[in-house]
There are 2 protein chains.
Amino acid sequence: MSVALTPAQVLRLWHDVALAMVRDDEPDLSLRQMSILLTIYLEAPPHTVRDLARKLEVSKPVITRALDSMGKLELVSRRRDEKDRRNVLIQRTVKGALYLERFADTVVNLSRSI
Amino acid sequence: MSVALTPAQVLRLWHDVALAMVRDDEPDLSLRQMSILLTIYLEAPPHTVRDLARKLEVSKPVITRALDSMGKLELVSRRRDEKDRRNVLIQRTVKGALYLERFADTVVNLSRSI
DNA sequence: CAAATATGATACGGGTCCGTAACAATCAAA
DNA sequence: TTTGATTGTTACGGACCCGTATCATATTTG
């Protein structure tokens, strides 16, 4: 089953969503942060810094810093892997789930007018 | 006619799009820059700094700086309003149109797999 | 055990963006 | 004409992110 959007619908939807996100006062996540957050929530765990760096094709410090930022916002959390203590396991949080839930609802509602 | 996306489809689509944009090497536009670019291309002219600042609910320097950045990339251009030389009219460019066309095509293609 | 490898974090210099406050240019009104 | 509004830009100090190189810790290998 395909969503089957047209280019004009895509641009209108992105315009409305971007405008809604710019207008509200919450701290906007960067594209990289959003990629990380969505990957953590949509793909099966475990998620490590190395895996995310490879998946996004960015360096490891990019992931570490993004996790620092989103950790302060409590959108993700980190825990040492007890099986291999070199690894850090990135985990979901309630706030992160709510953030994405609200985001999805916003987009769904805007998509109704298109 | 409504696009009628579900929350799960929204998150999957955004994930795929964000990942594609992070991976390619082109300079990513910020959310604010994207809002401005889409507004210029989707809404009827004329567009002035003041109008955009009011529409996005941000300060005028934010608009000026975003136009500086996107002007360097030749995604938008500026021209003085000869009727009222205080105003600056923001205009579309060929590169800007191509940028959004490519972006829309990317999203459309990704939406087919969802 | 010692050496090599793997993982994530940190340091550093540079770039971009932000918000507020000032500013020059232009127009309108007195 | 002179005073006051309006428009867009710039200045400044601060925050954030980047890429590369380096580091500490942990594991694997010889």
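In what follows, every heavy atom counts, from backbone to side chain, and hydrogens, waters and symmetry copies are set aside. Every chain is numbered from 1, with letters handed out A, B, ... down the list of sequences. Keep in mind that this is a model prediction, so the values were computed, not measured.
The nucleotide range of DNA chain D contacted by chain B, defined by atoms under 4.0 angstrom from heavy atoms of the protein and reported 5' to 3', is dT6(D) to dA11(D).
T93(B) places a side-chain N or O within 3.5 Å of a backbone atom of L75(B) that can act as its donor or acceptor partner. Distance alone, capped at 3.5 Å, places no donor-acceptor pair between the E74(A) side chain and the G71(A) backbone. Proximity of a side-chain donor or acceptor of R23(B) to a complementary backbone N or O of K55(A) within less than 3.5 Å is detected.
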N/O donor to acceptor pairs below 3.5 angstrom from side-chain atoms of residues 25-40 of chain B, sequence neighbours left out:
residue	atom	partner	partner atom	Å
E26(B)	OE2	R102(B)	NH1	2.6
E26(B)	OE2	R102(B)	NH2	3.3
S30(B)	OG	R32(B)	N	3.4
S30(B)	OG	Q33(B)	N	3.2
Q33(B)	OE1	S30(B)	N	2.9
S35(B)	OG	L31(B)	O	2.9
T39(B)	OG1	H15(A)	NE2	3.1
T39(B)	OG1	S35(B)	O	2.7

May I have the list of side-chain donor-acceptor pairs in residues 63-70 of chain B shorter than 3.5 Å, sequence neighbours left out?
residue	atom	partner	partner atom	Å
T64(B)	OG1	K60(B)	O	3.4
D68(B)	OD1	R78(B)	NH2	2.3
S69(B)	OG	R65(B)	O	3.1

Quick one: which protein N/O atoms are closer than 3.5 Å to N/O atoms of nucleotides 26-28 of chain C? Pair and distance per line, please.
residue	atom	partner	partner atom	Å
dC27(C)	OP1	R85(B)	N	2.9

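Between the NE2 atom of H47(A) and the P atom of dG8(C) there is a distance of 13 Å, given to the nearest Å. If you take CZ of R78(A) and P of dG8(C), they are 10 Å apart, rounded to a whole angstrom. For the pair L89(A) CG and dA9(C) P, the computed distance is 11 Å after rounding to whole Å. For R50(A) and dT5(C), the CZ to C1' distance is 12 Å, given to the nearest whole Å. Remark: P of dA6(C) and CZ of R54(A) are 13 Å apart, rounded to the nearest angstrom.
Residue L89(A) comes nearest to P46(A) through the heavy atom pair CD2-CB, 3.9 Å, listed as atom of the first residue, atom of the second, then distance. Residue P45(A) comes nearest to R92(A) through the heavy atom pair CD-NH2, 4.1 Å, listed as atom of the first residue, atom of the second, then distance.
Nucleic acid contact for T48(B): sugar-phosphate only, since backbone atoms but no base atoms lie under 4.0 Å from a heavy atom of the residue.
Contact check for L11(B) versus Y41(A): no side-chain heavy atoms found under the 4.5 Å cut-off.
The existence of a salt bridge linking D84(A) and R86(A) is confirmed by a sub-4.0 Å separation between a basic side-chain nitrogen and an acidic carboxylate oxygen. Salt bridge status for R54(A) with E57(A): absent, with no side-chain N to carboxylate O gap under 4.0 Å.
Heavy-atom nearest nucleotides on DNA chain D were determined for V58(A) and for V49(B), and the one closer to the 5' end corresponds to V49(B).
At least one side-chain nitrogen or oxygen of Q33(B) sits closer than 4.0 Å to the OP1 or OP2 atom of dC17(C).
Between atom CZ of residue R80(A) and atom CG of residue N87(A) there is a gap of 8.0 Å, rounded to the nearest 0.5 Å. Interatomic distance, D51(A) CG to E43(A) CD, rounded to the nearest 0.5 Å: 10.0 Å. Atoms OG1 and CG, from T48(A) and D81(A) in turn, are 9.0 Å apart once rounded to the nearest 0.5 Å.
Near DNA chain D, meaning a heavy atom under 4.0 Å away, the residues from residues 59-74 of chain B are K60(B), P61(B), T64(B), R65(B).
Rounded to 10°, the angle separating the first-five-pair axis and the last-five-pair axis of the helix from dC1(C)-dG30(D) to dA30(C)-dT1(D) equals 0°.
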